[in-house]
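Only heavy atoms go into these numbers, but all of them, side chains included; no hydrogens, no water, no symmetry mates.
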Amino acid sequence: MAIHLTKESKILVQGMTGGEGMKHTRRMLAAGTNVVGGVNPRKAGRTVDFDDRPVPVFGSVTEGVDATGADVTVVFVPPAFTKAAVTEAADAGIGLAVVITEGVPVHDSVAFLAHARRRGTRVIGPNCPGLISPGQSVAGIIPADITKPGRIGLVSKSGTLTYQLMYELRDIGFSTCVGIGGDPVVGTTHIDCLAAFQNDPDTDLIVLIGEIGGDAEERAAAYIRDHVTKPVVGNIAGFTAPEGRTMGHAGAIVSGSSGTARAKQQALEAAGVRVGRTPTETARQVLAVLDAGA
């Protein structure tokens, strides 16, 4: 098993014919992902060949869903059009929308996330790398060749740290890795993924990657304490970040003691989570937990 994405998932790519869409559609296909179509109203009816794999282009998400039975969309459209793209996907009955786009206005994110929730569509992102169930499917921009299938679940705010931990633990492998994005408002949270991994029989250990700013990690710690029985290992980015400055992601700002790496570490450790200060230290913590349980 895996969470949210399996080899049976049928994927549409909104913005497939653009530069980023083309590049990452080719990579998804090379990883074995079942990409069934792209969406571009101006190029409807055409077919794009990806290394001898023809992929049709549809004029709308509804047209693509009706023709292929697609249940996932990956969104590679400019920020100004992201709200309309996700709204269209939700109205077409797509179950999972993975929004890669960076720089989406927060008020647009709030609007399309509320609409998607009403329609029963899960959104991952915006401003995220997507997710991968190694050996099964990739939806987004996560490299497929840096790890293998295994029994670790990973949820992360940071795309870069997602890749680093995947590589550090490549000899063990992952059930699913989810990059939820670091914007102030995102569709899928640490807690959502913790709940899914807790219920996944093929996930034995969970890695949670957070960063300074906000209180998402503190809320995740409370959820772990009350609801998660599987071992969790954490990593928090930003121990050396200065207070009062936005660091990288739009949500990563520290004010006083709120949202600091140390405060997050304390909250997680109080919930029984081992916390590493670097990816390599975090990987060692994972190995120690697995060895102790062997």
Side-chain angles (χ1 to χ4, degrees), residues 102-103 106 109 124-131 142 146 152-169 174 177-195 197-198 205-228 230-290 292:
E102 183 178 3
V106 174
S109 295
I124 295 177
N127 187 20
C128 77
L131 69 163
I142 298 177
I146 58 174
I152 300 172
L154 171 65
V155 53
S156 174
K157 275 186 179 180
S158 166
T160 302
L161 292 178
T162 299
Y163 312 151
Q164 182 69 24
L165 262 296
M166 287 171 61
Y167 182 76
E168 294 265 3
L169 295 167
F174 294 82
C177 304
V178 186
I180 60 174
D183 277 6
V185 179
V186 293
T188 295
T189 66
H190 284 117
I191 291 174
D192 295 329
C193 292
L194 287 166
F197 284 131
Q198 171 68 20
L205 180 147
I206 305 166
V207 175
L208 182 151
I209 301 176
E211 64 186 11
I212 58 170
D215 66 347
E217 294 79 7
E218 288 86 346
R219 285 184 281 115
Y223 184 86
I224 291 167
R225 182 192 62 226
D226 295 337
H227 301 288
V228 178
K230 295 178 180 181
V232 182
V233 176
N235 174 248
I236 304 297
F239 276 95
T240 60
E243 293 184 4
R245 291 187 187 174
T246 299
M247 304 295 292
H249 287 148
I253 186 167
V254 174
S255 178
S257 62
S258 176
T260 64
R262 182 61 182 156
K264 294 176 185 299
Q265 179 185 23
Q266 290 173 339
L268 287 166
E269 288 179 342
V273 178
R274 298 193 186 193
V275 178
R277 294 172 69 99
T278 67
T280 299
E281 183 181 335
T282 304
R284 291 197 195 104
Q285 298 273 28
V286 170
L287 295 174
V289 171
L290 292 175

Straight-line distance of [X] [atom1] to [Y] [atom2], nearest 0.5 Å:
| X | Y | atom1 | atom2 | value |
| --- | --- | --- | --- | --- |
| I236 | I212 | CD1 | CD1 | 10.5 Å |
| L290 | I152 | CG | CD1 | 5.5 Å |
| I180 | L208 | CD1 | CG | 7.5 Å |
| E217 | I191 | CD | CD1 | 10.5 Å |
| N235 | I209 | CG | CD1 | 5.5 Å |
| I142 | T162 | CD1 | OG1 | 6.0 Å |

What residues, two or more places apart in sequence or in another chain, satisfy side chain to side chain donor-acceptor pair (under 3.5 Å) together with R225?
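By the side chain to side chain donor-acceptor pair (under 3.5 Å) rule, R225 matches no residue at all.
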Name all residues meeting the side chain to side chain donor-acceptor pair (under 3.5 Å) criterion together with T189; count only those two or more places apart in sequence or in a different chain, and write none if there are none.
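Only D192 meet the side chain to side chain donor-acceptor pair (under 3.5 Å) criterion with T189.
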If only atom types and distance count, is the side chain of K264 paired as donor or acceptor with the main-chain N or O of G210 below 3.5 Å?
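Checked: no pair found.
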Which of these passes side chain to side chain contact (heavy atoms under 4.5 Å, CB included) with L165: C177, S156, P279?
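Among C177, S156, P279, the one that satisfies the side chain to side chain contact (heavy atoms under 4.5 Å, CB included) with L165 is P279.
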Can you confirm whether Q198 is buried at CD, in the sense that more than 12 heavy atoms of other residues, nucleotides or ligands lie under 6.0 Å from that atom?
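More than 12 within 6.0 Å, yes.
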Decide yes or no on side chain to side chain contact (heavy atoms under 4.5 Å, CB included) for H190 and K157, but give the supporting numbers first.
CA-CA 8 Å; H190 284 117; K157 275 186 179 180; 3.8 Å; yes
Heavy-atom closest contact ([X] atom, [Y] atom, distance):
| X | Y | value |
| --- | --- | --- |
| A237 | L161 | CB-CD1, 3.7 Å |
| T188 | C193 | CG2-SG, 3.8 Å |
| F174 | M166 | CE1-CA, 3.5 Å |

What residues, two or more places apart in sequence or in another chain, satisfy ring-ring contact (aromatic ring centres under 6.0 Å, His included) together with Y163?
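Applying ring-ring contact (aromatic ring centres under 6.0 Å, His included) to Y163 gives none.
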Quick one: side chain to side chain contact (heavy atoms under 4.5 Å, CB included) partners of T160, sequence neighbours excluded?
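Scan of T160 (side chain to side chain contact (heavy atoms under 4.5 Å, CB included), adjacent residues dropped) gives S158.
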Any residue meeting side chain to side chain contact (heavy atoms under 4.5 Å, CB included) with V186, in chain and number order, not counting sequence neighbours:
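With neighbours one apart ignored, the set is D183.
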Return the set of residues passing salt bridge (Lys or Arg N to Asp or Glu O under 4.0 Å) with R284 (not counting sequence neighbours), or none when no residue passes.
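None.
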